[in-house]
A.B. asks: 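This structure is in structure tokens; I'll ask about it shortly.
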There are 2 protein chains.
Amino acid sequence: MTEQQPTSLRERQKEDRKARIIAAAKSLFLEAGLEKITMEAIAEIAGVSSVTVHNYYGTKSGVLLALVAESDRELLATLERGLRGRTATLAELVLGFFEIVCRHTQTHLDKAIWRQVIAASVSGTEPRFGKLYHELDNRLASVLIREVERMVGAGLLPETVDPAHLGWALFNLQNARFIEFIAADGSSCEAGLQHLRNDLSALMPGGFPGR
Amino acid sequence: MTEQQPTSLRERQKEDRKARIIAAAKSLFLEAGLEKITMEAIAEIAGVSSVTVHNYYGTKSGVLLALVAESDRELLATLERGLRGRTATLAELVLGFFEIVCRHTQTHLDKAIWRQVIAASVSGTEPRFGKLYHELDNRLASVLIREVERMVGAGLLPETVDPAHLGWALFNLQNARFIEFIAADGSSCEAGLQHLRNDLSALMPGGFPGR
DNA sequence: CAAAATTCTTTAGTCAATAAAAAATTTGAG
DNA sequence: CTCAAATTTTTTATTGACTAAAGAATTTTG
């Protein structure tokens, strides 16, 4: 996970420009909102041409994905801190997961950016984009999977559960409510949590599968 | 649900133009693919100006949503025929639902169109768009809810289950796999079904909640 | 240092989307 | 039936994302 420094001058310059671009994008988006900011403006502040921005990130949404990916490591760390070995039930796990993700999106970027990113990940105009986003999803789902494994190991869940399948199912449930959360500026994290609670208790009235 | 004819000439002309536009869009998209077709081309065949197309449908995705909405009634009818009172277990119900939806999208429109529609429904640039799409989702989820109600009534599920909550949870699970299905041109309906089976058996090993 | 390879910028163009003025047509009153 | 008012479409013009290709600049390599 540590960055190996590219020896070549060209590589270093490229990294520099990329960093300048996402730095410019981040500050501009935060101060003026997504659709007020043109690619041209980002390019100008980053000191490159707008075509270069396109060459690096493909589309405006591509720039946004880079912002999301940047905050991804921190989100994963927060999830580790908040969840690792700390939950005794599936509901606790999934609700905790959802709450951390929601709060993180509120703090770091904003809903408009997430909407664009998710929309672009679905629309599939950019091949590399979909791939990158899917990797983020994989990392997030893996957190749930690992915790389910732990709970099985600790005897909190029956040996018969398949951690990967259960983890993905829970991730998808949670993700549907996350999308609902970001889809409307008005909807609160609490409302999402309540919906998710309803989902879980409808599917697993006993608190965990098979019982 | 029956169309009441608008008496005014203006209204009739408007309906006419709208119908010409979606007819033009449908045939053009099918024969040349989504991104080859410009709004200009649609407008020309429909015999209106491109600005009029925008005035009616807002965006290109708005035109697509109209196509989706058009096929929606047929999809609902197919769901009714295929599911109503025909399933004895939740897995049968959800898997059947998923399969019908997948096959319908393959037959009627294509994945590229669905990708655009779902992306637009999330991105939320168009307020009316999100609302319309959400209504389609509601109608689809209601099918599941009704069937769950029936199964509770028939003693196939415990009295304790909340049909609305369970219906929505199942719909969200199924929808996640549907989005996965349309996200990649390569992914098959069968693969989606298998994933969904895994989800269901992970969450409800006994075949239904609470057991 | 000079040729070769790479990468950026310039230039030019397409298309979606929006705004505002202008043109056409339906409607409604007399 | 006719003329003014209301509505709607088209025309016109502009912005901005995105792409392609040619040209300019710079790093690399021999």
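Lettering of chains follows the sequences in order, A, B, ..., and the numbering in each one begins at 1.
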A.B. asks: To the closest 0.5 Å, what do you measure between CZ (Arg84(A)) and CZ (Arg150(A))?
C.D. replies: 9.0 Å
A.B. asks: Would you kindly compare Val51(B) and Arg17(A) by the position of their nearest DNA chain C nucleotide and give the one closer to the 5′ end?
C.D. replies: Arg17(A)
A.B. asks: State plainly whether the residues Glu11(B) and Lys14(B) are in salt-bridge range, i.e. N to O under 4.0 Å.
C.D. replies: no
A.B. asks: Output yes when Glu149(A) and Arg146(A) qualify as a salt bridge under the 4.0 Å nitrogen-oxygen rule, no when they do not.
C.D. replies: no
A.B. asks: Which is true for Tyr56(A) with a 4.0 Å heavy-atom rule: it touches a base, it touches only sugar-phosphate, or it touches nothing?
C.D. replies: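 Sugar-phosphate, backbone atoms only, no base.
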A.B. asks: Heavy atoms of chain A, cut-off under 4.0 Å: which first and last nucleotide of DNA chain C, 5' to 3', fall inside that, if you could look?
C.D. replies: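 So the contact region on DNA chain C extends dA5(C) to dT11(C).
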A.B. asks: Between the protein and nucleotides 1-6 of chain D, which nitrogen or oxygen pairs come in under 3.5 angstrom?
C.D. replies:
none

A.B. asks: Any salt bridge between Glu70(A) and Lys26(A), counting N to O under 4.0 Å?
C.D. replies: yes
A.B. asks: Could you tell me the separation between the CG atom of Asn55(B) and the P atom of dT7(D), rounded to a whole number of Å?
C.D. replies: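 Rounding to the nearest Å, CG of Asn55(B) and P of dT7(D) are 16 Å apart.
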A.B. asks: Just one of Thr59(B), Leu65(B), Val63(B) clears the side chain to side chain contact (heavy atoms under 4.5 Å, CB included) bar with Ser61(B), so which one?
C.D. replies: Thr59(B)
A.B. asks: Check Glu135(A) with Arg128(A), please: is the shortest side-chain N to carboxylate O separation under 4.0 Å?
C.D. replies: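 No salt bridge links Arg128(A) with Glu135(A).
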A.B. asks: Once pairs are restricted to Watson-Crick or G-U wobble with both distances under 3.5 Å, how does DNA chain D read as a dot-bracket string, [ ] for crossings and | for other-strand pairs?
C.D. replies: ||||||||||||||||||||||.|||||||
A.B. asks: State plainly whether the residues Asp16(B) and Arg20(B) are in salt-bridge range, i.e. N to O under 4.0 Å.
C.D. replies: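 Yes, charged N to carboxylate O under 4.0 Å.
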A.B. asks: Measure CZ/Arg128(A) against P/dC18(D) and give the value in whole Å, please.
C.D. replies: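 Result: 11 Å.
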A.B. asks: Quickly, which of Phe97(A), Phe98(A), Trp114(A) forms a ring-ring contact (aromatic ring centres under 6.0 Å, His included) with Phe178(A)? Name it, please.
C.D. replies: Trp114(A)
A.B. asks: His54(A) has an atom NE2; how far is it from atom P of dC18(D), in whole Å?
C.D. replies: 4 Å
A.B. asks: Are Lys36(A) and Phe29(A) in a cation-pi setup, meaning NZ or CZ lies under 6.0 angstrom from the ring centre and within 45 degrees of the ring axis?
C.D. replies: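 So Lys36(A) doesn't make the cation-pi contact.
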A.B. asks: Can we say Glu92(A) and Arg197(A) salt-bridge, meaning some charged N sits less than 4.0 Å from an Asp/Glu carboxylate O?
C.D. replies: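 Answer for the salt bridge query: no.
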A.B. asks: Does a side-chain N or O from Ser8(A) land closer than 4.0 Å to OP1 or OP2 of dT28(D), or not?
C.D. replies: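 For Ser8(A), the contact criterion (side-chain N or O under 4.0 Å from OP1 or OP2 of dT28(D)) is met.
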A.B. asks: For Thr59(B), report the nucleic acid contact type (base, sugar-phosphate, nothing); a contact means any heavy atom under 4.0 Å.
C.D. replies: sugar-phosphate
A.B. asks: Is the shortest side-chain heavy-atom distance between Leu136(A) and Leu132(A) below 4.5 Å?
C.D. replies: no
A.B. asks: Salt bridge check, Arg115(A) against Asp110(A): does any charged N sit closer than 4.0 Å to a carboxylate O?
C.D. replies: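 Salt bridge flag = no for Arg115(A) with Asp110(A).
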A.B. asks: What is the distance, to the nearest angstrom, from the CZ atom on Arg12(B) to the P atom on dT7(D)?
C.D. replies: 18 Å
A.B. asks: Mind calculating the distance between CD (Glu11(A)) and C1' (dT27(D)) to the nearest angstrom?
C.D. replies: 12 Å
A.B. asks: Separation of Met39(A) atom CE from dT15(D) atom C1', in whole Å?
C.D. replies: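 Atom-to-atom, Met39(A) to dT15(D), this comes out as 15 Å.
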A.B. asks: Taking any heavy-atom pair under 4.0 Å as a contact, classify Ile37(A): base, sugar-phosphate, or nothing.
C.D. replies: sugar-phosphate
A.B. asks: Could you tell me how far apart Glu35(B) (CD) and dA17(D) (C1') are, to the nearest whole angstrom?
C.D. replies: 16 Å
A.B. asks: Distance check needed: dC18(D) P versus Ile42(A) CD1, whole Å only.
C.D. replies: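 Result: 10 Å.
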